[in-house]
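Just so it is clear, the structure is predicted and the values come from calculations on it, not from any experiment. Numbers restart at 1 for each chain; the letters A, B, ... are given by sequence-line order, proteins then strands.
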4 protein chains.
Amino acid sequence: MSSQTSSEKTMTAKAPRLERGRARVAALLAAGAAVFAEKGYDAATMTEVAAKAGASIGSLYQFFPTKPLLAEALHLDLLEKLTALLDLLGRDVAGRPAAAVMDELFARFGEFLEANPAFSALADRRDIDKERKKQTRAQLRGLIAALLTGAEPPVPSARAEAASVVVLHLIRAATMLKESDEAPVRGAALAEMRRMLAAYFA
Amino acid sequence: MSSQTSSEKTMTAKAPRLERGRARVAALLAAGAAVFAEKGYDAATMTEVAAKAGASIGSLYQFFPTKPLLAEALHLDLLEKLTALLDLLGRDVAGRPAAAVMDELFARFGEFLEANPAFSALADRRDIDKERKKQTRAQLRGLIAALLTGAEPPVPSARAEAASVVVLHLIRAATMLKESDEAPVRGAALAEMRRMLAAYFA
Amino acid sequence: MSSQTSSEKTMTAKAPRLERGRARVAALLAAGAAVFAEKGYDAATMTEVAAKAGASIGSLYQFFPTKPLLAEALHLDLLEKLTALLDLLGRDVAGRPAAAVMDELFARFGEFLEANPAFSALADRRDIDKERKKQTRAQLRGLIAALLTGAEPPVPSARAEAASVVVLHLIRAATMLKESDEAPVRGAALAEMRRMLAAYFA
Amino acid sequence: MSSQTSSEKTMTAKAPRLERGRARVAALLAAGAAVFAEKGYDAATMTEVAAKAGASIGSLYQFFPTKPLLAEALHLDLLEKLTALLDLLGRDVAGRPAAAVMDELFARFGEFLEANPAFSALADRRDIDKERKKQTRAQLRGLIAALLTGAEPPVPSARAEAASVVVLHLIRAATMLKESDEAPVRGAALAEMRRMLAAYFA
DNA sequence: TATGAATGAGAGTTCATTCAT
DNA sequence: CATGAATGAACTCTCATTCAT
């Protein structure tokens, strides 16, 4: 009830040991993704997440002891998927010109964000750990820079570094655009962005 | 036809009649801007806004009957300033090449966002009126497009339209970048963005 | 919602500014005393306190932002009363023999504890601030020691110091005895305690 | 007359049949003692007890179907140890003067309480059965009274009865003092208590 | 029996908003 | 208009206890 327990609050999401638990966790993460995507991090409630997962509130808290921890787990999960996607992309486009590589990246990243709308919602929440955020961005930038230095002709490492920041933000901008603007504007804008990238890397 | 009571909650914030009231409203708006910028829209509390303005909670509600209405008023206020800024810019840079115009736009818009951090916080809140949001974006795009068609040589209207979307997002990206990444990365990225714009409009 | 606010959690109970508020606070404190006394600190609920005071839960939290703070306020309140009582006692018994002084102290302190059962409940809660607890005990010991050194013949300061600890605990023991044991045992035990004190100071 | 199902929750903790079970129970009791002592009865959680015993929560409930029952079992366990200790003491000090007997009692009881901090925590919980509590206290008083009537010269039975109450509380006071006050005060106070007892029985 | 997931009532706390003075 | 007390729905989180495997 009161107590300053010895178990730090920095605890991670508890991993399930049984098969049943594993299914629960999956359902909870899916529900979390849906609710965070729909309502945004702040407005999402743990109660709704549990309900949408068909679980009791206690069950949700068994595996994700706090709301930030649920968000974090979800974020990490999506980040892994994204990394895998970029790795795959790297193998697919190695040796092609930078402009083409970027075009492909743009397309696939866009699909990912569209398929995982929770990602944007989670990436932007304010109570995220500063350090982790920095690391995450650095990691993504690294992957993008690698794509550029692996192009043919290769983009010089220094410029690839700087460009990765821009590309990252451009992609994010493209996503936000998807949800906010109306269809006709959107199409033209996306085309324009690709053109811009092409011009930039030509 | 005659009465149409103004008790609707959808109405705008009540305008003060006395001079004292005007000062109050200014203080409340300033406080609101500060709190929204610091905590974000969701985490900001009406109580804190009132306190920071040196007013009572009742007084705050006298002028802004609702939290969304306060946000809206603030947003509109900032939007006006921004519009004025872009108008001025239009006069200053008329007749110069598109790339130069964009560079200047980039710089001034950036300054504005840095000076008014509440703008970003308010532009992104989820309960904003869809229609108004659309209109706002359209208006901003119009202003930017006007800058482009007013350049020398003029950018064709159709392309200016499409480009304005991209430019708008790029600028926003530049701002987010300012608060998230560390200084060295930041500088390089900003330079890169300007280079990109230059390449695009060359 | 999220936020690490700048307003420290060490805040004190907010003081009411209006007359109505003053009445509320009094009612809340009284209700708190009743509930803490009846259920003990841990089992007492804020909801019950508010209900017993005829106030809404929000109203309770307006003045006492946390449960520990309510307890603290109550404790301090009772402590003041007790100090006043001991001061008065000091004036009443100055110049009488130590044994008689202690007998009187024993009686009045007992009455106080019986009239304010919340005092025991609050003095024993576990999440109390260590430092404050020490200070409180020291203060009480000081008052008791003063009674002894003010007796005729005066008890030497050093011995008064040590004795005060014992007396304090004896009195508390007497109280616990009142609530736990059955009446006949109680009477005999109280008499015995007084005899013990008399023998000790003779 | 015949069946009387044992499903009542008022029953005692189930006794284990196997050797393995006996070890489990011992571990659970030890863990319970540790947790109750550290956190107090209310703040202690069944989950933490199970964890500290290296058992699952289900296993804990197998043997102790309820939190109060666990506390009760523990309390009884400690009470037995204490009784044994007092019995032994009775044999050791028979025939010595009352003051010396009390001094020895004081010392050994103190050691016991220090070695078994859970005892105090459990003796004070509020949901304890009133009747059992009374019996327990009566039993302890009886043992102490027996020590006094067995002294040389023997304390009259009536006075021994009354004195036992006082002595019991004095000892408890001595324990509480150990955890709350700072070392220097403590030493002096303990000495003072012994002096008081000596004066009382002289 | 042992395990650990499941449950849900209930506790503390927050905050937008209303209302009496 | 100003003030600050009042309200209560809603939220996050806890924990004793039950249940399926």
**Student:** The side chain of C:K67 lies closest to which of these nucleotides: F:dA6, E:dG4, E:dG12?
**Tutor:**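 Taking heavy atoms from C-beta onward, the closest nucleotide is E:dG12.
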**Student:** Of all heavy-atom pairs between C:K81 and C:N116, which one has the smallest distance, and what is that distance?
**Tutor:**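 Between these two residues, the closest heavy atoms are NZ-ND2, 4.4 Å.
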**Student:** Which one, E:dA16, E:dA6, F:dT7, comes nearest to the side chain of C:Q62?
**Tutor:**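 In terms of side-chain proximity for C:Q62, the closest of E:dA16, E:dA6, F:dT7 is F:dT7.
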**Student:** Under a plain distance cut-off of 3.5 Å, with no hydrogens placed, do B:D124 and B:Y41 share a side-chain donor-acceptor pair?
**Tutor:**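 Judged by distance alone, the side chains do not pair up.
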**Student:** How many angstroms lie between CG in D:D77 and CZ in D:F119, if you round to the nearest 0.5 Å?
**Tutor:**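 The distance works out to 11.0 Å.
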**Student:** Of all residues at least two apart in sequence or in a different chain, which pass the side chain to side chain contact (heavy atoms under 4.5 Å, CB included) check with D:E80?
**Tutor:**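 Here no residue qualifies.
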**Student:** Using the side-chain heavy atoms of A:P16, tell me which of these nucleotides is nearest: E:dA5, E:dT17, F:dT12.
**Tutor:**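 Closest of the options to the side chain of A:P16: E:dA5.
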**Student:** How does DNA chain F read in dot-bracket, base by base from 5' to 3', with Watson-Crick or G-U pairs under 3.5 Å and | used when the partner is on another strand?
**Tutor:** .||||||||||||||||||||
**Student:** CD1 of B:I57 versus P of F:dT7: gap in Å, rounded?
**Tutor:**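 Computing the B:I57:CD1 to F:dT7:P distance gives 17 Å.
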**Student:** Can you tell me which nucleotide in E:dG12, F:dT14, F:dT7 comes closest to the side chain of C:Y61?
**Tutor:**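 My answer, after comparing the listed nucleotides, is E:dG12.
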**Student:** Rounded to the nearest angstrom, tell me the gap between atom CG in C:L70 and atom C1' in E:dT13.
**Tutor:**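 Distance, rounded to whole Å: 14 Å.
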**Student:** OP1 or OP2 of F:dC1 less than 4.0 angstrom from a side-chain nitrogen or oxygen of B:R24, does that happen here?
**Tutor:**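 No, outside the criterion.
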**Student:** Counting side-chain heavy atoms from C-beta on, which of E:dT17, E:dA6, F:dT7 comes nearest to C:S56?
**Tutor:**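 So the side chain of C:S56 is nearest to F:dT7.
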**Student:** If you look at every heavy atom in B:A44 and B:K67, which pair is closest and at what distance?
**Tutor:**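 Taking every non-hydrogen atom into account, O-NZ, 2.8 Å.
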**Student:** Between residues 29-38 of chain C and DNA chain E, which residues have a heavy-atom gap below 4.0 Å?
**Tutor:**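 Correct list: empty, so none.
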**Student:** Let me have the donor-acceptor pairs involving side chains of residues 49-57 of chain A, under 3.5 Å, with sequence neighbours excluded, atom names and distances please.
**Tutor:**
unit_1	atom_1	unit_2	atom_2	d
A:S56	OG	A:S59	N	3.2

**Student:** Atom CG of C:L60 and atom C1' of E:dT14: how far apart are they, to the nearest Å?
**Tutor:**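 So the CG-C1' distance, C:L60 to E:dT14, works out to 13 Å.
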**Student:** Can you see which heavy atom on B:D127 is nearest to which on B:P68, and at what distance?
**Tutor:**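 The pair with the smallest heavy-atom distance is OD2-CG, 3.8 Å.
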**Student:** Would you mind telling me which of F:dT7, F:dT3, F:dC11 lies closest to the side-chain atoms of B:S59?
**Tutor:**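 Among the listed nucleotides, the one closest to the side chain of B:S59 is F:dT3.
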**Student:** Do you know which two heavy atoms are closest between C:E38 and D:R126, and how far apart they sit?
**Tutor:**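 Closest approach of C:E38 to D:R126, heavy atoms only: O-NH2, 3.0 Å.
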**Student:** If you look at every heavy atom in B:A118 and B:A33, which pair is closest and at what distance?
**Tutor:**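 Smallest interatomic distance, heavy atoms only, reads CB-O, 3.5 Å.
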**Student:** D:T66 side chain to D:L69 main-chain N or O, any donor-acceptor pair under 3.5 Å?
**Tutor:**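 Answer holds: no.
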**Student:** Atom CD of A:E48 and atom C1' of F:dT12: how far apart are they, to the nearest Å?
**Tutor:**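 Atom-to-atom, A:E48 to F:dT12, this comes out as 15 Å.
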**Student:** Using atom CE of A:M46 as one end and atom P of E:dT13 as the other, report the distance to the nearest whole Å.
**Tutor:**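 The answer, rounded to whole Å, is 19 Å.
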**Student:** In whole angstroms, how far is the C1' atom of E:dG10 from the CG atom of D:D42?
**Tutor:**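 Interatomic distance, CG of D:D42 to C1' of E:dG10: 15 Å.
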**Student:** Tell me: CZ of A:F64 to P of E:dA6, nearest whole Å?
**Tutor:**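 Going from A:F64 (CZ) to E:dA6 (P), I get 12 Å.
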**Student:** Are there any protein N/O atoms within less than 3.5 Å of an N/O atom in nucleotides 19-21 of chain E, and if so, which ones and at what distance?
**Tutor:**
none

**Student:** Considering residues at least two apart in sequence or located in another chain, which fulfil the ring-ring contact (aromatic ring centres under 6.0 Å, His included) criterion with C:F64?
**Tutor:**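 Result, ring-ring contact (aromatic ring centres under 6.0 Å, His included) vs C:F64: none returned.
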**Student:** How close or far is atom P of E:dT7 from atom CG of A:L28, stated in whole angstroms?
**Tutor:**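 The answer, rounded to whole Å, is 10 Å.
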**Student:** Considering non-hydrogen atoms only, spot the tightest contact between B:F36 and B:A71 and give its length.
**Tutor:**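 In this case the closest contact between B:F36 and B:A71 is CE1-CA, 4.1 Å.
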**Student:** Please work out if A:A44 contacts a base, only the sugar-phosphate, or nothing of the nucleic acid, heavy-atom cut-off 4.0 Å.
**Tutor:**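 Since only primed, P, OP1 and OP2 atoms lie under 4.0 Å of A:A44, the category is sugar-phosphate.
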**Student:** Using a cut-off of less than 4.0 Å, is there contact between a side-chain N or O of B:T66 and OP1 or OP2 of E:dT17?
**Tutor:**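 Yes, B:T66 has a side-chain N/O under 4.0 Å of OP1/OP2 on E:dT17.
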**Student:** Keeping C:R125 on the side-chain end and C:L122 on the backbone end, is there a donor-acceptor pair under 3.5 Å?
**Tutor:**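 Indeed, once roles are kept as given, a pair shorter than 3.5 Å links the two residues.
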**Student:** How do D:Y41 and B:G54 order along DNA chain F: which one's closest nucleotide is nearer the 5' end?
**Tutor:**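 Nearest nucleotide further toward 5': that of B:G54.
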